[in-house]
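FYI, side chains are in, hydrogens and waters are out, and symmetry mates aren't considered; it's all heavy atoms of this structure.
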Amino acid sequence: MAGSPTARRRRLSIELKKLREKSALTCAHVGEALDWSGSKVNRMETGSGRVQPSDIDALCRFYGTTDELREFLKSLAREAKTRGWWQVHGSGVPEWFNIYIGLEQEASTLRQYQCELIPGLMQTEAYTGELHTTGAHMSAEDIDRAVRVRMERQAMLTGPDAPDAWFVVNEGALRNVIGDRALMREQLERVLDSAELPSVTLQVLPFDAGTYPATGTFTMLGFPDQEDPDLVYRDGITDAVYLEGEHHVREYTRAFDGLRAAALSPQRSIQLIKTVSKEYAR
């Protein structure tokens, strides 16, 4: 069973939608039969509304499920109400990013392309703090919370259940000076340390790579349970987009494969990072 509240809520939504589609009914049909609105059923299936165990009882009676499935779905509904460790930091983490962290915590594979910045899972406190200070209208307290959450997230790369993580980073992210040159040298040393982790593969897309898929930054998450489909995550300044359809995942997988092919090998990538790091020391 998915472990984080966000992942449990997502799994519950998937299972409820499967039950309705198996019955060849619309949300409006189910809502009418249970004296609910069709929008309530839709919210349950999209994860945008809380699902009570009593709602699960009513749905399972209507769909004629087994007692075992009913209890499983009720347990998902109960556990989806718990708070993840990252949610205690309040306004330091926007709601749309809370969702991503919950899913990231459950991922068994992570594929990320970064075209401007060092991946968050490899950032130093100083680098992260500089990013949140510049251009962000956040209080000092919220900035501190945001930095702490990012640092705590990094533990997933060293834990016993670390995901298979593959990063492709544009050379521009290495040369884009955040803070000052001393900060960047420290940051690139952290990247080199991260690249040595057994769960991590790192490639750099050099400036002279030629033509490659121009996609912008994105992350693909895969999950250990086949019932939890892969998804693509893209964020902006004020919101994020989650793409779950097979078409989206297939096309982004194709793009990531193209980026990997155009990038330097992991060994040559390490050499380039070391070269740039030495340049910051001059």
**Student:** Return the set of residues passing salt bridge (Lys or Arg N to Asp or Glu O under 4.0 Å) with Glu15 (not counting sequence neighbours), or none when no residue passes.
**Tutor:** Arg11, Lys18
**Student:** Under the side chain to side chain donor-acceptor pair (under 3.5 Å) rule, what pairs show up with a residue in residues 24-33, not counting sequence neighbours?
**Tutor:** Thr26-His29
**Student:** Could you list the residues that satisfy side chain to side chain donor-acceptor pair (under 3.5 Å) with Thr219, not counting sequence neighbours?
**Tutor:** Gln112
**Student:** Could you note down all residue pairs passing salt bridge (charged side-chain N to carboxylate O under 4.0 Å, His left out) where residues 158-171 supplies at least one of them, sequence neighbours left out?
**Tutor:** Arg111-Asp164, Glu171-Arg175
**Student:** Kindly write out the residues that satisfy salt bridge (Lys or Arg N to Asp or Glu O under 4.0 Å) with Arg190, not counting sequence neighbours, or none if the list is empty.
**Tutor:** none
**Student:** Does atom CD (Glu125) have a neighbourhood of more than 12 heavy atoms from anything else shown, all under 6.0 Å?
**Tutor:** no
**Student:** Run the salt bridge (charged side-chain N to carboxylate O under 4.0 Å, His left out) test on Glu141 and Arg145 for me, step by step, so that the C-alpha distance in whole Å, both residues' side-chain angles and the decisive distance to 0.1 Å come before the verdict.
**Tutor:** CA-CA 6 Å; Glu141 184 178 7; Arg145 289 171 175 168; 2.9 Å; yes
**Student:** Checking Ser37 now: which residues fulfil side chain to side chain donor-acceptor pair (under 3.5 Å) with it, not counting sequence neighbours?
**Tutor:** Ser39
**Student:** Excluding sequence neighbours, so at least two apart, what forms salt bridge (Lys or Arg N to Asp or Glu O under 4.0 Å) with Asp55?
**Tutor:** Lys40
**Student:** Is any side-chain heavy atom of Met44 less than 4.5 Å from a side-chain heavy atom of Ser13?
**Tutor:** no
**Student:** Kindly write out the residues that satisfy salt bridge (Lys or Arg N to Asp or Glu O under 4.0 Å) with Asp193, not counting sequence neighbours, or none if the list is empty.
**Tutor:** none
**Student:** Can you list the residues that meet the side chain to side chain donor-acceptor pair (under 3.5 Å) rule with Asp35, with sequence neighbours excluded?
**Tutor:** none
**Student:** Who else is in the cluster with Leu205 when I, L, V, M, F, W and Y are joined by side-chain contacts under 4.5 Å?
**Tutor:** Tyr113, Trp166, Val168, Tyr212, Phe218, Met220, Val232, Val241, Leu243, Val249, Tyr252, Phe256, Leu259
**Student:** Contact between Asp230 and Leu221 at the side-chain level, heavy atoms closer than 4.5 Å - yes or no?
**Tutor:** no
**Student:** Do Tyr100 and Glu104 meet the criterion of a side-chain donor-acceptor pair at a distance under 3.5 Å?
**Tutor:** yes
**Student:** Just by modelled atom types, is the Leu131 backbone N or O under 3.5 Å from a matching donor or acceptor in the Gln123 side chain?
**Tutor:** no
**Student:** Using side chain to side chain donor-acceptor pair (under 3.5 Å) as the criterion, list what pairs up with Glu116, not counting sequence neighbours.
**Tutor:** none
**Student:** Carefully, step by step, assess Glu189 and Ser277 under the rule side-chain hydrogen bond (donor to acceptor under 3.5 Å, both in side chains).
**Tutor:** CA-CA 7 Å; Glu189 290 300 318; Ser277 181; 3.2 Å; yes
**Student:** Taking C-beta and beyond as the side chain, do Gln203 and Leu264 meet within less than 4.5 Å on heavy atoms?
**Tutor:** no
**Student:** If you define the side chain from C-beta out and look only at heavy atoms, does anything of Asn170 sit under 4.5 Å from Phe207?
**Tutor:** yes
**Student:** Throw together a table of side-chain donor-acceptor distances under 3.5 angstrom for residues 61-68, partners on residues two or more places apart or in other chains.
**Tutor:**
{"residue": "Thr66", "atom": "OG1", "partner": "Leu69", "partner atom": "N", "Å": "3.1"}
{"residue": "Asp67", "atom": "OD1", "partner": "Arg70", "partner atom": "NH1", "Å": "2.8"}

